[in-house]
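These values consider heavy atoms only, across backbone and side chains, with no hydrogens, waters or symmetry-generated copies.
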2 protein chains.
Amino acid sequence: MNTTANLVEQKIVLNNSVSVDCVIFGFDFMQLNVLLVDRVMYDEKSGKELFNDLTLTGNHIFEEEDLDEAAARILFDLTGLKNIYLEQFYTFGSPTRINRENDKAWLAANGRDPNHRIITIGYYSLLDTDKVTLEWKGRNVRWVPVSDVTELAFDHMEILQKALQALRKKLTREPIGFELLPPKFTLSQMQRLYEVILGVTLDKRNFRKKVSRMKYLVPLDEKQKGVAHKPARLYVFDRDIYETTKTELLDFAI
Amino acid sequence: MNTTANLVEQKIVLNNSVSVDCVIFGFDFMQLNVLLVDRVMYDEKSGKELFNDLTLTGNHIFEEEDLDEAAARILFDLTGLKNIYLEQFYTFGSPTRINRENDKAWLAANGRDPNHRIITIGYYSLLDTDKVTLEWKGRNVRWVPVSDVTELAFDHMEILQKALQALRKKLTREPIGFELLPPKFTLSQMQRLYEVILGVTLDKRNFRKKVSRMKYLVPLDEKQKGVAHKPARLYVFDRDIYETTKTELLDFAI
DNA sequence: ATGCTTAGTGTTTAAATTACACTTTATTAA
DNA sequence: TTAATAAAGTGTAATTTAAACACTAAGCAT
């Protein structure tokens, strides 16, 4: 009737530690950045700095809270912003997620069992870098260009990479790039955004030809100001037009 | 320094019930099917059947188990199959996920607190319907055409729909359809698969022209047997060729 | 007035997509 | 054996999209 799958004795875990982590992406017309938090640990006696790592930001979930709400709250706590684009992209739950000494020490120092597995639901959020007032809550928070991030605490490097992968995939299929731009932007800024995130170079004329077919990209009778060169025309992303003409999605895949 | 996000007192939950649910898709050359389990509940005294619903299949996670491993175990327990295509697609965690009477009664009868939120990590798996020996473990398990499923226990209908959505998206970008076909298949079977899952009709000649560009789709010197008409040529999906020529992905979006 | 810097524009060629209908081949039934 | 059946398999023309490529225009700084 039954050949058993797992002959090894295994304990079923009925309750797990669960958290929501946010990968907060911002674009500043030059680079794609990610918002990182300093995790500093000091020696109890000497007060000397033991290590200083960077982490993504995450938190546990409130009792009455949906996962999306938890992610939005974490984002708000860190940036003071609401109604920001958020997308759940992956859930991480390897039992060996936390295996580095710094991470274990930090958890222990914060009253948590470093050997207890934490399951983390990953969200990424997109916003214009300028929107964030840093030093919110006195936390040491900063924008780091994604291409400069080489090491993060816990398995956050893996989470960041997976987020980036999900973002790239989505960006080639849906018009979410506008979430990273201010309400009014130029086509060159938009092109730069695609180039930076997808890691490609695009031909200016072909790019403009392509986006000129997107009806939801509306040109304004308004130009860029304060630039030391020919000012560019400004555009807005019209969500209503997009919602009603969704069929004609455009593909930015190269 | 800080305007508080949540003025309402909320309790942070440090430990959540977590499970992994599998949406098991199978294709039988005609329809896309999903493997469902009967959830029958009897009255304790009279023994009369109180309700008989269908559910997806899920389970808790072992202590030393990665999420993917838990999904694979659940799939194995239900089907007796290993090394099956599995894809994590979404995590569900609304605090009001369980709100129907049947669901609460069933949880209570199984020694679980019906008011305790369960966070569920959703996976979908793809396999050839014929691979499954039903009645494995004596469970009442059956294939149901996806288009016939209108109601499921818990929020499993929502989970199924999200899985289907994820499958469609992936199918238009990556050659995962082969996971639903036997090793040798005909082009008509393959076309039917795309038509059924994506809900479109495709032109036979154009379809063949398109797939003839996929080098990883290898024609055999072998024909279909036991059909009452001209037998079709058989093809195989060559994973090695695919892995080495990944760049030229083809798009089945209409 | 000149130089600097980015904005903005068109054409040609190649490739992909779409629409569309008849012949072939094995099996089955007469 | 012959005819009916049922799906397999094949090509072309018209349209659309993609790719490659270089100069002029506009505003600011000096």
Side-chain angles (χ1 to χ4, degrees), chain A residues 27-31 171-173 175 181-182 184-196 198-215 217-236 245 247-254, chain B residues 27-31 172-173 175 181-182 184-196 198 200-215 217-236 245 247-254:
Chain A
F27 181 66
D28 60 6
F29 301 142
M30 290 301 293
Q31 308 252 17
L171 188 67
T172 57
R173 303 293 282 170
L181 291 168
K184 298 175 182 178
F185 52 86
T186 73
L187 293 187
S188 295
Q189 290 165 348
M190 183 176 162
Q191 182 179 339
R192 172 88 190 150
L193 186 153
Y194 280 92
E195 289 182 329
V196 166
L198 300 180
V200 297
T201 54
L202 301 170
D203 177 86
K204 186 165 37 158
R205 279 175 288 192
N206 292 339
F207 179 84
R208 282 161 189 254
K209 207 184 304 168
K210 195 159 192 172
V211 301
S212 72
R213 269 178 265 139
M214 301 174 169
K215 302 210 183 71
L217 190 61
V218 182
L220 301 176
D221 278 330
E222 201 182 334
K223 298 198 165 175
Q224 221 179 359
K225 282 198 179 112
V227 286
H229 54 78
K230 176 173 177 178
R233 179 183 286 276
L234 294 173
Y235 288 75
V236 292
T245 59
T247 41
E248 25 179 327
L249 276 183
L250 292 173
D251 200 328
F252 277 99
I254 45 153
Chain B
F27 181 67
D28 61 6
F29 301 142
M30 290 301 291
Q31 308 252 18
T172 58
R173 304 294 282 171
L181 293 167
K184 296 174 183 179
F185 52 87
T186 73
L187 292 187
S188 295
Q189 291 166 347
M190 183 175 162
Q191 181 179 340
R192 172 90 189 147
L193 185 153
Y194 280 92
E195 289 182 330
V196 166
L198 300 181
V200 296
T201 55
L202 301 170
D203 178 87
K204 186 161 42 155
R205 278 177 288 192
N206 293 339
F207 179 84
R208 282 161 190 254
K209 205 185 304 171
K210 193 159 192 171
V211 301
S212 73
R213 269 178 266 138
M214 301 174 170
K215 301 210 182 73
L217 190 62
V218 182
L220 301 176
D221 279 328
E222 200 180 337
K223 299 199 164 174
Q224 222 178 359
K225 281 197 180 111
V227 287
H229 54 78
K230 176 175 176 176
R233 178 183 287 275
L234 295 173
Y235 287 75
V236 291
T245 58
T247 42
E248 26 180 327
L249 277 182
L250 292 173
D251 200 329
F252 277 99
I254 47 155

Looking at every strand, decide which applies to Arg233(B) at a 4.0 Å heavy-atom threshold: base, sugar-phosphate, or nothing. sugar-phosphate
Is the phosphate of dT17(C) approached by Arg213(B) (side-chain N or O, under 4.0 Å from OP1 or OP2)? yes
Return no unless some side-chain N or O of Arg208(B) is found under 4.0 Å from OP1 or OP2 of dG9(D). yes
Identify, with sequence neighbours excluded, every residue that meets side chain to side chain donor-acceptor pair (under 3.5 Å) alongside [X].
{"X": "Lys223(A)", "value": "none"}
{"X": "Arg205(A)", "value": "none"}
{"X": "Ser188(A)", "value": "Arg208(A)"}
{"X": "Lys184(B)", "value": "Glu222(B)"}

Between the protein and nucleotides 24-28 of chain D, are there any N/O to N/O pairs under 3.5 Å, and if so, what are the atom names and distances?
from	atom 1	to	atom 2	distance (Å)
dG27(D)	N2	Ala228(A)	O	3.4

Could you tell me the separation between the [atom1] atom of [X] and the [atom2] atom of [N], rounded to a whole number of Å?
{"X": "Lys204(A)", "N": "dT6(C)", "atom1": "NZ", "atom2": "P", "result": "10 Å"}
{"X": "Met214(B)", "N": "dA16(C)", "atom1": "CE", "atom2": "P", "result": "13 Å"}
{"X": "Leu220(B)", "N": "dA8(D)", "atom1": "CG", "atom2": "P", "result": "16 Å"}
{"X": "Asp203(A)", "N": "dT17(D)", "atom1": "CG", "atom2": "P", "result": "18 Å"}
{"X": "Asn206(B)", "N": "dG9(D)", "atom1": "CG", "atom2": "P", "result": "16 Å"}
{"X": "Gln224(B)", "N": "dT27(C)", "atom1": "CD", "atom2": "C1'", "result": "12 Å"}
{"X": "Phe29(B)", "N": "dA8(D)", "atom1": "CZ", "atom2": "P", "result": "12 Å"}
{"X": "Arg205(A)", "N": "dC21(D)", "atom1": "CZ", "atom2": "P", "result": "10 Å"}

Is there side-chain contact between Thr172(A) and Tyr194(A), with at least one heavy-atom pair below 4.5 Å? no
Applying ring pair (Phe, Tyr, Trp, His ring centres under 6.0 Å) to Phe27(A) and not counting sequence neighbours gives none
Where the side chain of Lys209(B) is concerned, which of dT9(C), dT17(C), dA7(C) is the nearest nucleotide? dT17(C)
Considering only heavy side-chain atoms of Ser188(A), the closest of dT17(D), dT18(C), dA7(C) is dA7(C)
Between the main-chain N or O of Ala232(B) and the side-chain N or O of Gln224(B), is there a donor-acceptor pair closer than 3.5 Å? yes
